[in-house]
> 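Got a structure for you, written out below as structure tokens; questions coming shortly.
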Amino acid sequence: MKLPPLPSLRAFESAARNENFRQAAAELGMTPAAVSQHVRSLEDWLGASLFERRARGVRLTPAGREFGKAVTAGFGTIAAAAERLTAGARSRTVRLACLPSVVTHWLAPRLPRFRAAHPDIQVAISYAAGAKTASEAAADLLIQHGTRPDTGAVPILSGATRPTCAPVYLHRRGPISDPRELLEADLLHDESPAAWRRWFAEGGLESPREAGPIFADFNLLLSSLTAGLGVALCPTALIADELSKGKLEILFDRPTDVEKAYWLTEAASLSPEAVLMRDWLLAEAAVAIPPEG
């Protein structure tokens, strides 16, 4: 089996994943020039151009993008196999990469049931950090949010959002009985105003001219929402506890983001413990609000 030089593959994989030589250099502890030299050597070895060099940076060629996916997947498989062989006492550990909002509002209240059923399995939870696959997250299992991923994934929770607020906000402002009244309400945004613009457009309404606060994290948004700061589009599946306790209420049942969901993906191979965790997550999700759309 004839393979390209490993140092060049390692430099290329980081450069391709980041699509940036400087970021790859920082990640690998080398200079951008060294990364560039490794990539050049690999291109010479392959007889193909992997990057387009531009004045303001680099861009993967179609061949480079395809090869980069293969190399990343290969390294992920090797890393997973090495982890399994060196785990030792950690062989009963399941690594789950997840969004903080899902951990806080859905997983954490349920996790004691898994621990009671499997007290010998340790669950290591990490931040998903934008990973698209479990291998990218160095995890056995990954829960991510958005439209259907390119890789095989199972929707476990609906991503549909609905206008939601705290009773204290309505007590201070007055009741909201018509969607048009939201045009004058204090709107809160999760990452950007785009979701609210979609919700108004889907209802045949113009978006409000004034934009409210934007929160980079759903947990920050939810804290402000329960404090009575305004109205937000919340994923109904994640706030079931707040709704049942009367801390929040849904103003209008018409949703947006119905094409989105919280997706469960898994590594190429799973330990028996990870299989137990995967099956448990799917069973817990089966009794939750199903994905819409």
Side-chain angles (χ1 to χ4, degrees), residues 98-113 143 145-147 155-263 281 284-293:
C98 195
L99 299 170
S101 56
V102 175
V103 174
T104 302
H105 303 286
W106 187 77
L107 180 61
R110 293 165 171 78
L111 199 55
R113 293 200 286 271
I143 297 177
H145 172 262
T147 54
I156 62 171
L157 292 171
S158 169
T161 62
R162 294 173 174 82
T164 308
C165 71
V168 64
Y169 177 73
L170 296 178
H171 179 75
R172 184 176 70 248
R173 185 193 181 281
I176 298 176
S177 56
D178 188 287
R180 287 184 291 265
E181 296 177 25
L182 287 175
L183 294 171
E184 305 300 327
D186 301 289
L187 302 183
L188 311 181
H189 306 282
D190 187 5
E191 295 187 346
S192 82
W196 269 119
R197 286 197 293 265
R198 287 195 300 272
W199 191 87
F200 282 112
E202 289 163 2
L205 299 172
E206 293 185 4
S207 298
R209 294 181 180 178
E210 295 185 6
I214 298 175
F215 298 86
D217 180 84
F218 178 72
N219 287 331
L220 297 175
L221 171 68
L222 195 61
S223 296
S224 300
L225 190 67
T226 54
L229 192 61
V231 183
L233 285 167
C234 288
T236 309
L238 288 190
I239 59 170
D241 186 58
E242 287 81 1
L243 292 172
S244 65
K245 293 179 179 178
K247 295 180 180 180
L248 295 174
E249 59 182 84
I250 295 174
L251 295 177
F252 303 102
D253 195 52
R254 179 172 63 80
T256 190
D257 292 324
V258 295
E259 75 284 0
K260 296 182 179 180
Y262 294 88
W263 305 87
L281 287 169
E284 288 291 325
V287 299
I289 300 174
E292 302 179 35

> For the pair Glu242 and Thr164, evaluate side-chain contact (heavy atoms from CB on, under 4.5 Å) and give the outcome as yes or no after the intermediate values.
CA-CA 11 Å; Glu242 287 81 1; Thr164 308; over 6 Å; no
> Which pair of heavy atoms, one from Thr147 and one from Trp263, lies closest together, and at what distance?
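Residues Thr147 and Trp263, closest heavy atoms: O-NE1, 3.4 Å.
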> So Cys234 and Thr161, do their side chains get closer than 4.5 Å, heavy atoms only?
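In short, these two side chains do not touch, never coming nearer than 4.5 Å.
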> Return the minimal non-hydrogen interatomic distance between Thr226 and Ala166, and the atom names on each side.
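Nearest pair, atom of Thr226 first, then Ala166: O-CB, 3.8 Å.
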> If you draw a 6.0 Å radius around CD in Glu184, do more than 12 non-hydrogen atoms from other residues or ligands fall strictly inside?
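Counting other residues, nucleotides and ligands, CD of Glu184 stays at 12 neighbours or fewer.
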> Search all heavy atoms of Pro255 against all heavy atoms of Ala160 and return the closest pair with its distance.
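Nearest heavy atoms, Pro255 then Ala160: CB-CB, 4.1 Å.
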> Are any non-hydrogen side-chain atoms of Ser101 and Asn219 less than 4.5 angstrom apart?
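Side chain of Ser101 against side chain of Asn219, heavy atoms only: contact under 4.5 Å found.
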> Run the numbers on Trp106 and Leu281 for side-chain contact (heavy atoms from CB on, under 4.5 Å), then give the verdict.
CA-CA 11 Å; Trp106 187 77; Leu281 287 169; 4.0 Å; yes
> Is it the case that Ser207 and Arg197 place a side-chain donor and acceptor less than 3.5 Å from each other?
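No, no side-chain donor-acceptor contact under 3.5 Å.
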> Identify the two heavy atoms, one from Glu206 and one from Leu183, that lie closest to each other, and give their separation to 0.1 Å.
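Minimum heavy-atom separation between Glu206 and Leu183: O-CD2, 3.1 Å.
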> Any chance CZ of Arg254 has more than 12 other-residue heavy atoms, nucleotides or ligands included, within less than 6.0 Å?
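Yes - once you tally the heavy atoms of other residues, nucleotides and ligands closer than 6.0 Å, there are more than 12.
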> Write down the atom of Pro213, the atom of Leu187, and the distance for their closest heavy-atom approach.
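What the structure gives for the nearest pair is CD-O, 3.7 Å.
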> Given side-chain contact (heavy atoms from CB on, under 4.5 Å), test Phe215 with Leu225 step by step and report yes or no.
CA-CA 11 Å; Phe215 298 86; Leu225 190 67; over 6 Å; no
> Looking at side-chain heavy atoms only, is the closest gap between Phe200 and Pro179 below 4.5 Å?
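SC-SC contact between Phe200 and Pro179 ruled out.
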> Do you know the tightest heavy-atom contact between His105 and Phe218?
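The answer is CD2-CE2, 4.1 Å.
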> With side-chain contact (heavy atoms from CB on, under 4.5 Å) as the test, would you mind laying out the steps for Leu111 and Val103 before giving the verdict?
CA-CA 9 Å; Leu111 199 55; Val103 174; over 6 Å; no
